[in-house]
There are 2 protein chains.
Amino acid sequence: MTPTDEPERRLSSEERRSQIVVAALAVFGAKGYVGATTDDVARAASVSQPYVVRLFGSKENLFVAACTAALDQLLAGFRAAAEATDDTLEHRLGRAYIDLLETRGLHQTLTHAFLLGAHPVIGPVARDGFAQVWEYLRSLGFTAEQAQGFLAHGMLINTMIGMRLADDYDVDSRVTELFDACFPADKARVLGLAPRVDDAW
Amino acid sequence: MTPTDEPERRLSSEERRSQIVVAALAVFGAKGYVGATTDDVARAASVSQPYVVRLFGSKENLFVAACTAALDQLLAGFRAAAEATDDTLEHRLGRAYIDLLETRGLHQTLTHAFLLGAHPVIGPVARDGFAQVWEYLRSLGFTAEQAQGFLAHGMLINTMIGMRLADDYDVDSRVTELFDACFPADKARVLGLAPRVDDAW
DNA sequence: GTCTATAAGACGATAGAC
DNA sequence: GTCTATCGTCTTATAGAC
């Protein structure tokens, strides 16, 4: 009988699903919902393209599943940070947000979803997900103004990550200044975690 | 001889180009670079699809042209606001940014470009455009922290517009609160100008 | 649970007429 | 300056074998 860590063993449907969702986040994050193909995702997950479609029913479902997974991870990260006691609550949450860069494509997949508000299926998912984050921040005691400032900073981070601005750090002095202003504390960590232009998805 | 305002007269190449760019901003803004087709743009501009390709050479060129036009309008709006004297400089620029919602799709086309940093052609265009805005703000006397806060707020606005969050205003109380926090002064104007879910592009 | 083969459609781009 | 017709490619999804 094959040991459970054997690489080529058959995986359970659930294992494959979450494995494919991880690949989907990276691919959708880099290329967007329409720009990424189900074949891109399949290759990144080392399975065949029809199997991806078979497991999720459609590309649309896969994207929604990826968004849901991203939001779950985001809220889980926030919850863990909220329970810690070092530093300010806002700083802890901010650090948690940056730590999530380790899940490649998470921020950008969500950002892509946020941009597709006119899409009949993705739009509602995006609005609902965003509202959940808003409500969670408010439930932690953030005032509306604090929550707004926190989210604004987050959206700027998303933009810089999406632009692959880290590639120009130290090369282009204008960008260096922006990074320094944005991440007074953990600039180094951001530069280490940020995806780069030639990162494969 | 036909008067110059005759609707069906032949337009000069330059006139058509800018007319198509206007249509492209609306379409790319709503559907994204890959999601929007050259035929979508052609229909929105009331010309044939091959003609759009003929005029711009490729869809990629058209998108870059749309981004350039968006950035030009943005900087022009900022420059005009900088020369006024009512209100704070930051408030004037903020109002100018919101006024640009009248050019349908401008903010979102730029945001889509910002998300495609990994794209070999669009990525550099996005990074360069963003850097131009950053430098302009700094040249106006904004400190790095002020410019960062201003841009962060702008990115949050982009997100709310992209999500079509205005559709839920007054219906969904969570969103109402966010809007109120974001636009203490000109909430009504934003709600009036923001694109909605069923806006045709 | 996973693959190969493939059908069906959509899209960007070219050719060529007017 | 603008259109119609069309080619070739890419992509999602289905059928069916193992």
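Throughout, protein chains are lettered first and strands after them, A, B, ... in sequence-line order, and every chain is numbered starting at 1.
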Report the residue (B/Pro50 or B/Glu14) whose heavy-atom-nearest nucleotide on DNA chain D is the more 5′ of the two.
->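 Looking at the nearest nucleotide for each, B/Glu14 comes out on the 5' side.
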Closest-nucleotide 5' rank along DNA chain D - winner of A/Asp40 and B/Ser46 =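 In this pair, the answer is B/Ser46.
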Any side-chain N or O of A/Thr38 under 4.0 Å from OP1/OP2 of D/dT12?
->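 Answer yes for this pair, as a side-chain N or O of A/Thr38 is under 4.0 Å from OP1 or OP2.
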Is A/Arg16 near enough to C/dG1 that one of its side-chain N or O atoms lies under 4.0 angstrom from OP1 or OP2?
->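 No.
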To the nearest angstrom, how far is [X] atom [atom1] from [N] atom [atom2]?
| X | N | atom1 | atom2 | result |
| --- | --- | --- | --- | --- |
| B/Asp39 | D/dC3 | CG | C1' | 13 Å |
| B/Lys59 | D/dT9 | NZ | C1' | 14 Å |
| A/Asn61 | D/dA13 | CG | C1' | 13 Å |
| B/Arg43 | D/dT2 | CZ | C1' | 16 Å |
| B/Phe63 | C/dC11 | CZ | P | 17 Å |
| B/Gln49 | D/dA5 | CD | C1' | 12 Å |
| A/Leu55 | D/dA13 | CG | C1' | 14 Å |
| B/Phe56 | C/dT14 | CZ | P | 16 Å |

Touch class at under 4.0 angstrom, heavy-atom based, for [X] against every strand present:
| X | value |
| --- | --- |
| B/Thr37 | sugar-phosphate |
| B/Ser13 | sugar-phosphate |
| A/Ala42 | nothing |

Under 3.5 Å: donor-acceptor pair, side chain of A/Ser58, backbone of A/Asn61 |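 Answer holds: yes.
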5' priority, DNA chain C, between B/Ser58 and A/Ser48 [closest heavy atom] |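 Looking at the nearest nucleotide for each, A/Ser48 comes out on the 5' side.
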Reported CG-to-CG distance for the pair B/Leu93 and B/Leu140, which is rounded to 0.5 angstrom =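 If I round to the nearest 0.5 Å, the distance is 6.0 Å.
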Aromatic contact, A/Phe63 with A/His112 (centres under 6.0 Å) =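 No - the distance between ring centres of A/Phe63 and A/His112 does not fall below the 6.0 Å cut-off.
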Is the distance between the ring centroids of A/His153 and A/Tyr97 less than 6.0 Å?
->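 Centroid distance A/His153-A/Tyr97: not below 6.0 Å, so no.
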Does the C/dG1 base have a donor-acceptor partner in the side chain of A/Arg17 within less than 3.5 Å?
->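 Answer is no: no donor-acceptor pair is held.
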Ion pair check, B/Arg95 and B/Asp99, cut-off under 4.0 Å |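 Result for this pair is no, no salt bridge flagged.
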Could you please name the option among C/dT2, D/dC3, C/dT4 that lies closest to any side-chain atom of A/Tyr51?
->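 Selected nucleotide (nearest to the side chain): C/dT2.
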